[in-house]
> 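Handing you a structure now.
Side-chain atoms are counted along with the backbone in the values below, which use heavy atoms only and exclude waters and symmetry mates. In this text the structure is predicted, and so the values were computed from the model without any measurement. As the structure lists them, so they are numbered: ligands from 1, and atoms in each ligand from 1.
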Amino acid sequence: MPLISGKILFEVANEFNFAICGFNFNNLEFLKAILEGALEEEAPIFIQTSENAIRYAGIEYLSGIVHAIKDKYPLPFALHLDHGKSVESILLAINHGYTSVMIDWSDKPFEENLEITKEVVSLCAPLGISVEAELGKLVSLDVEPISRESFLVNPEEAKEFVDRTGIDALAPAIGTSHGVFKFKEKPKLDYERLKKVKELTGIALVLHGASSVYPEYVEEINKFGGELEGAKGLPEEAIKEAVRLGINKINTDTDLRLAFMATLRKFMAEERRSVDPRKFLKPAMDEVKKVVKRRIKISGSSGKAELFTKYL
Ligand code: G3H
Ligand code: 13P
Ligand code: ZN
């Protein structure tokens, strides 16, 4: 079965007011855990690779595995480039069968971000490949001393950006950030701003930095030699509220890494006489799969694969 275009995933999720999970992977172990989890949940998904993932594994390996195994998974799933930083990156993804890309010039001035995004849309749209872009900076509301207006998305700008670029999905900065340390105090998101962006643009919206940083994995990692004191993520209730207000894709990388590393650390400490990597990797994959299923459930996409049968 061919991979599906992100255009269809975004369109249907937006129409039916739910979110689809975007899961990052760097290797076979994560990819398999993600696809097995999605299959059990009968959920549409984005499987995505960052530029760092491509530097680490090689795009031929990453896309090669995906294209080799896709028929094993009768699911609507797109292969997506996460945080593409150049037109060269986008072209590389197109040439390796990606069906969705993100161009991220959110750290550049508005007009520069807009111009490169327009160029990427002009390359991708004729091929049926979806384009996601980002506005604002992924900075936590409680750790950032500068004013919110200077780093959160501006809803009027979002409307202009969407109208002038023709993107399929927008990632608005509303107070999340990547990684393990998202908040110092109480997690906060700017829901009013999110609502406004949805009202003005009507487009599919993406929540980056959505990991919940589950305390059980942080504790396990700390118990077996890690040092993640102060780790804090986005509560599941906050994600559900964001979905209710118009988020249609939820990006998760850190929660998968935490589940994997917690299990790996524990088994390495306990299985002292084994040198078979599979003994360690298999339980770590199983734990990643559990988190995949949990995230799919909170996104509202469990059982939603059936909405896509006419596109497959
Ligand atoms: O954008 C953040 C994702 O978690 C990817 O992270 O660049 O370390 O692969 P990475
Ligand atoms: P987390 O670090 O919260 O998992 O966010 C991942 C992400 O946004 C990937 O683009
Ligand atoms: Zn991101």
> Please determine whether a side-chain nitrogen of the Lys or Arg among K293 and E40 lies less than 4.0 Å from a carboxylate oxygen of the Asp or Glu.
yes

> Could you please compute the angle at the Zn ion (ligand 3) from NE2 of H83 to ND1 of H208, rounded to 10°?
90°

> In the protein, what heavy atom is nearest to atom 9 (O) of ligand 1, and what distance, to one decimal place, separates them?
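In this structure, atom 9 (O) of ligand 1 has S50 OG, 2.6 Å as its nearest protein heavy atom.
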
> Looking at N52, which atoms of ligand 1 are within less than 4.0 Å of one of its heavy atoms?
7 (O), 8 (O), 9 (O), 10 (P)

> Does any N or O in the side chain of S211 come within less than 3.5 Å of the main-chain N or O of D255, such that one atom is a donor and the other an acceptor?
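Pair found, side chain donor or acceptor close to backbone of D255.
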
> Going by an N to O cut-off under 4.0 Å, is there a salt bridge joining E270 and K266?
yes

> Should R257 be counted as touching ligand 1, given the test is an N or O pair under 3.5 Å?
yes

> Does the separation of the ring centres of F46 and Y98 fall below 6.0 angstrom?
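F46 vs Y98: aromatic centres not under 6.0 Å.
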
> Using heavy atoms and a cut-off under 4.0 Å, could you grab the residues that are in contact with ligand 2, chain by chain, numbers ascending?
N24, D82, H83, H178, G179, K182, H208, G209, A210, S211, N251, T252, D253, T254

> Are F260 and F30, when compared by the centres of their aromatic rings, separated by less than 6.0 Å?
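Yes, the ring centres sit under 6.0 Å apart.
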
> For D286, which of K282, K289, K290 qualifies under salt bridge (charged side-chain N to carboxylate O under 4.0 Å, His left out)?
K282

> When you measure from atom 1 (O) of ligand 1 to every protein heavy atom, which one gives the shortest distance, and what is it?
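Here the closest protein heavy atom is H83 CD2, 3.2 Å.
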
> Can we call the ring centroids of H96 and H67 under 6.0 Å apart?
no

> What about W105 and L138, same hydrophobic cluster or not, with Ile/Leu/Val/Met/Phe/Trp/Tyr joined at side-chain heavy-atom distances under 4.5 Å?
no

> Using distance alone, determine whether D253 and ligand 1 share an N or O pair under 3.5 Å.
yes

> Which residue, E236, R295, E237, forms the side chain to side chain donor-acceptor pair (under 3.5 Å) with S212?
R295

